[in-house]
There are 2 protein chains.
Amino acid sequence: MSIEAAAPTRPMRADARRNYEAIVRVAGDAFAEHGTQASLDDIACRAGVGPGTLYRHFPNRDCLLEAALVESRLALNELAEQLLADDDAGAALDTWLLALARHANTWDGLPDSIVQSINNKQSPLGASCSTLVDATGRLFDRAREQSAVTADVSARDLFVMAGSLAWAASRPRRDTGARAEASDDLPRLLGLLMRGLR
Amino acid sequence: MSIEAAAPTRPMRADARRNYEAIVRVAGDAFAEHGTQASLDDIACRAGVGPGTLYRHFPNRDCLLEAALVESRLALNELAEQLLADDDAGAALDTWLLALARHANTWDGLPDSIVQSINNKQSPLGASCSTLVDATGRLFDRAREQSAVTADVSARDLFVMAGSLAWAASRPRRDTGARAEASDDLPRLLGLLMRGLR
DNA sequence: ACCTGAACACCGTTCAAGT
DNA sequence: ACCTGAACACCGTTCAAGT
């Protein structure tokens with residue numbers, strides 16, 4: 001939950017660590033405001049560093065996304081542990097997929113980065129998502145043992161479906177000038193999917 | 001099926017029409033090669049016109065996407081007419097949703113543009129998609145009358161779901177360096193969705 | 001009426017020069 | 001070891017000048 005978790009094995013110089021933390025903090029704000037395509041130049045500027053410093057710490061956009069998502073993902077892993085101890089494996093799976101989709105919807109554009117990086121160990125985002133895919137598989141298997149679901153689906157398919165529904169629910173409804181209603185379509189769409197698995 | 005369908009009511013000057021057609025043709029190639037985010041400057045250049053000419057004919061990217069998709073969408077409308085006369089309304093709905101998803105997958109990034117522009121009459125892409133949403137609703141209603149499906153879903157939800165599955169199936173698997181296998185996940189994912197509607 | 005292409009503001013990324 | 005910021009190649013968009 002602290003930044004230590006993603007920090008390199010050797011301690012960083014004081015100024016380097018200060019810059020690292022400032023960049024991650026500012027990046028979270030920028031992603032929340034402009035989506036995952038926020039300008040990296042702008043993030044560096046607002047963090048008070050040159051663009052080169054940002055690239056030194058985070059060679060590509062995925063690295064920065066990963067660092068800014070560490071806390072949220074650790075919380076998800078904790079949730080998975082709790083749900084694996086839940087008596088009702090079917091309800092646990094529902095809860096899990098909703099939490100997963102909401103995590104993917106932390107920022108606009110994030111579902112795309114996540115689904116695109118699945119199983120790609122070159123991407124730090126993909127590597128860190130593999131634990132989430134594993135958890136999805138374990139929760140699904142438990143639900144199937146209890147006959148709460150009967151369909152035959154891979155953990156990767158389930159993960160991708162949750163991501164794609166998150167994507168669908170997050171597409172801003174830019175209707176004719178009117179401000180987008182913040183309707184939460186996610187539970188309804190997930191319900192549709194789960195209907196098919198039972 | 002000809003370009004006439006999207007052309008303005010008054011005839012264009014000969015050179016303007018030549019440029020219009022060249023831009024649309026080149027745009028199709030560029031979108032196929034680089035996805036919907038292909039450089040507009042590059043398209044103008046390859047079509048032998050200045051960037052200003054491209055913007056005169058197509059004030060924004062959606063306008064160009066729409067023009068380059070005219071033929072494919074007209075073919076879809078014809079398919080809808082045929083499927084509405086099909087005796088097996090359930091199979092017709094399956095066929096329709098698959099065709100819809102494949103249409104959305106014509107180019108990388110297209111599902112995003114389509115779903116984002118739904119119900120937005122300011123976008124020519126959104127306006128032209130509304131006929132597809134209508135057709136989806138009619139085919140779904142017919143399937144429900146035959147009890148081939150029982151779920152209660154809006155035409156817009158169905159359309160969005162098809163688009164999101166297209167999106168999921170089209171995310172390039174950029175695995176560790178190996179070239180992406182061109183696996184076609186779409187039918188399997190759509191089958192999962194349809195299972196939930198029956 | 002339509003086209004041209006220079007011009008502007010922006011962005012990601014690199015790298016020589018600093019401390 | 002780390003940071004800086006100029007520099008490069010690019011992009012979308014506009015608009016005065018042409019024909």
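Here the structure is a predicted model, which means the values were calculated and not measured.
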Name each donor-acceptor pair under 3.5 Å that joins a side chain in residues 40-47 of chain B to protein atoms two or more places apart or in another chain, with its distance.
unit_1: D42(B); atom_1: OD2; unit_2: R46(B); atom_2: NH1; d: 3.1

Quiz item: At under 4.0 Å, does any side-chain N or O of H57(B) touch on OP1 or OP2 of dC3(C)?
Solution: yes
Exercise. For Y55(A), check ring pair (Phe, Tyr, Trp, His ring centres under 6.0 Å) against everything at least two apart and list the hits.
Key: none
Practice problem: In sequence, state the C-alpha distance, the side-chain angles, and the governing distance for L79(B) and L83(B), and then conclude on side chain to side chain contact (heavy atoms under 4.5 Å, CB included). | Solution: CA-CA 6 Å; L79(B) 177 65; L83(B) 290 176; 3.8 Å; yes
Practice problem: State, to 0.1 Å, how close S39(B) and R61(B) come at their nearest heavy-atom pair, and which atoms those are. | Solution: N-NH2, 4.3 Å
Scan the side chains in residues 131-141 of chain B for donor-acceptor partners under 3.5 Å anywhere in the protein, sequence neighbours excluded, and list what turns up.
unit_1: T131(B); atom_1: OG1; unit_2: S128(B); atom_2: O; d: 3.3
unit_1: T136(B); atom_1: OG1; unit_2: W96(B); atom_2: NE1; d: 3.0
unit_1: T136(B); atom_1: OG1; unit_2: L132(B); atom_2: O; d: 2.8

Quiz item: Is D42(A) touching bases, backbone alone, or none of the nucleic acid, heavy atoms closer than 4.0 Å?
Solution: nothing
Quiz item: Tell me: CG of L64(B) to C1' of dC11(D), nearest whole Å?
Solution: 16 Å
Quiz item: Between I43(B) (CD1) and dC10(D) (P), how many Å, whole number?
Solution: 17 Å
Practice problem: Nearest whole angstrom, please: distance from the C1' of dT4(C) to the CG of L54(B). | Solution: 13 Å
Self-check item: DNA chain C contacts among residues 30-39 of chain A, heavy-atom distance under 4.0 Å
Solution: A38(A), S39(A)
Quiz item: Can you name the side-chain contact (heavy atoms from CB on, under 4.5 Å) partners of A151(A), sequence neighbours left out?
Solution: V153(A), L197(A), R195(B)
Quiz prompt | Under 4.0 Å protein heavy-atom contacts per nucleotide of nucleotides 13-19 of chain D, with B for base, S for backbone only and - for none | solution = BBB----
Quiz prompt | Atom-pair distance (CZ on R56(A); C1' on dC2(D)), nearest Å | solution = 5 Å
Quiz item: Under the side chain to side chain donor-acceptor pair (under 3.5 Å) rule, what pairs show up with a residue in residues 76-85 of chain A, not counting sequence neighbours?
Solution: none
Self-check item: By ring pair (Phe, Tyr, Trp, His ring centres under 6.0 Å) - contacts of H57(B) (at least two apart)
Solution: Y20(B)
Quiz prompt | Residues in side chain to side chain donor-acceptor pair (under 3.5 Å) contact with R198(B), at least two apart in sequence or another chain | solution = none
Self-check item: Secondary-structure string, 5' to 3', Watson-Crick or G-U under 3.5 Å, | for another-strand partners, for DNA chain D
Solution: ||.|||||...|||||.||
Quiz prompt | Distance test, side-chain N/O of N19(B) to OP1/OP2 of dC2(C), below 4.0 Å | solution = no
Practice problem: Mind checking salt bridge (charged side-chain N to carboxylate O under 4.0 Å, His left out) for R144(A) and listing every partner two or more places apart, or none if nothing turns up? | Solution: D152(A)
Exercise. Using side-chain contact (heavy atoms from CB on, under 4.5 Å) as the criterion, list what pairs up with A166(A), not counting sequence neighbours.
Key: A101(A), A104(A), N105(A), P111(A)
